[in-house]
Amino acid sequence: MKGGLLIVLLGLLSGRCFGQFPALMYDSKQAVYEDSVGTIKKIVSPYGKNLKVVYKNGQKRKILKSSLWGFQNRSGKLYRLYDNKAMRVLRQSGIIKYAYKQPGTNHFSWRYSADLDSPVFRTKRKARHL
């Protein structure tokens, strides 16, 4: 009984049973889980112009944020990279809502766009009138 419970718990913690893997996104519709280097283990978004990708085979690679649309982290959260800033996508219907964490603080601010590929604005009103 304990062994079966342990297996279920490990499956839930790994996230694999829900299909949540780290992925790079070169556009708003396509997630890339592996590339020529290997399968992606994790993606780190340091402040700056690069995104650090760690692969399951131990290799690491830096990718220019400007070459990507965004990424998905291990817990399945979607982030859009806009103006070298990682913004978490909170709402994908109607006006798109993003959460942006100010560097060096615990303060979040909201950003908006008309769709996943349009420019990002500080107000809903500007996003609607695009």
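Predicted model, so just to flag it, every value in this text is computed and none were measured.
- Rounding to the nearest 0.5 Å gives a distance of 14.5 Å between CG of Leu90 and OH of Tyr100.
- Applying the side-chain contact (heavy atoms from CB on, under 4.5 Å) rule to Ser93 yields the partners Arg91; only residues at least two apart in sequence or on another chain are considered.
- Ala127 and Ala114 make their closest contact through O-CB, 3.5 Å (heavy atoms, listed as atom of the first residue, atom of the second, distance).
- Under the 3.5 Å distance criterion, the side-chain polar atoms of Arg80 are matched with a main-chain donor or acceptor of Leu116.
- Side-chain heavy atoms closer than 4.5 Å link hydrophobic residues (I, L, V, M, F, W, Y) into clusters, and following such links, even through other members, never connects Val89 to Ile95.
- Partners of Lys85 by side chain to side chain donor-acceptor pair (under 3.5 Å), not counting sequence neighbours, listed by chain and number: Asp83.
- Heavy atoms of other residues, nucleotides or ligands lying less than 6.0 angstrom from NZ of Lys97 number more than 12.
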What pairs of donor and acceptor atoms, side-chain ones from residues 103-112 against any protein atom, are under 3.5 angstrom apart with sequence neighbours left out?
residue, atom, partner, partner atom, Å
Thr105, OG1, Gln102, O, 3.0
Thr105, OG1, His107, N, 3.2
Ser109, OG, Gln102, NE2, 3.1
Ser109, OG, Arg111, NH1, 3.0

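- Lys42 places no side-chain N or O within donor-acceptor distance of the main-chain N or O of Pro22, the cut-off being under 3.5 Å.
- The distance from the CD atom of Gln92 to the CG atom of Leu78 is 5.5 Å, given to the nearest 0.5 Å.
- The hydrophobic cluster containing Leu81, built from Ile/Leu/Val/Met/Phe/Trp/Tyr side-chain heavy atoms closer than 4.5 Å, also comprises Leu24, Tyr26, Val32, Val37, Ile40, Ile43, Leu51, Val53, Tyr55, Ile63, Leu68, Phe71, Tyr79.
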Problem set entry | Verdict with supporting geometry, Phe121 and Arg128, side chain to side chain contact (heavy atoms under 4.5 Å, CB included) | CA-CA 10 Å; Phe121 297 99; Arg128 277 192 201 112; over 6 Å; no

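- Rounded to the nearest 0.5 Å, atoms NZ (Lys52) and NZ (Lys60) are 4.0 Å apart.
- Rounding to the nearest 0.5 Å gives a distance of 9.0 Å between NZ of Lys49 and CG of Asn84.
- Here CG of Asn73 is found 8.0 Å from CZ of Arg88. Values are rounded to the nearest 0.5 Å.
- Phe21 and Val54 are members of different hydrophobic clusters when ILVMFWY side chains are connected at heavy-atom separations under 4.5 Å.
- Remark: Gln59 pairs with Asn57 by the side chain to side chain donor-acceptor pair (under 3.5 Å) rule, at least two apart or across chains.
- A pairwise comparison of heavy atoms in Ala23 and Ala31 identifies CB-CB, 3.8 Å as the closest pair.
- In this structure Asp117 satisfies the side-chain contact (heavy atoms from CB on, under 4.5 Å) test together with Ser28, Lys29, Trp69, Asp115, sequence neighbours excluded.
- Taken from NZ in Lys56 to NZ in Lys41, the straight-line distance is 9.0 Å, to the nearest 0.5 Å.
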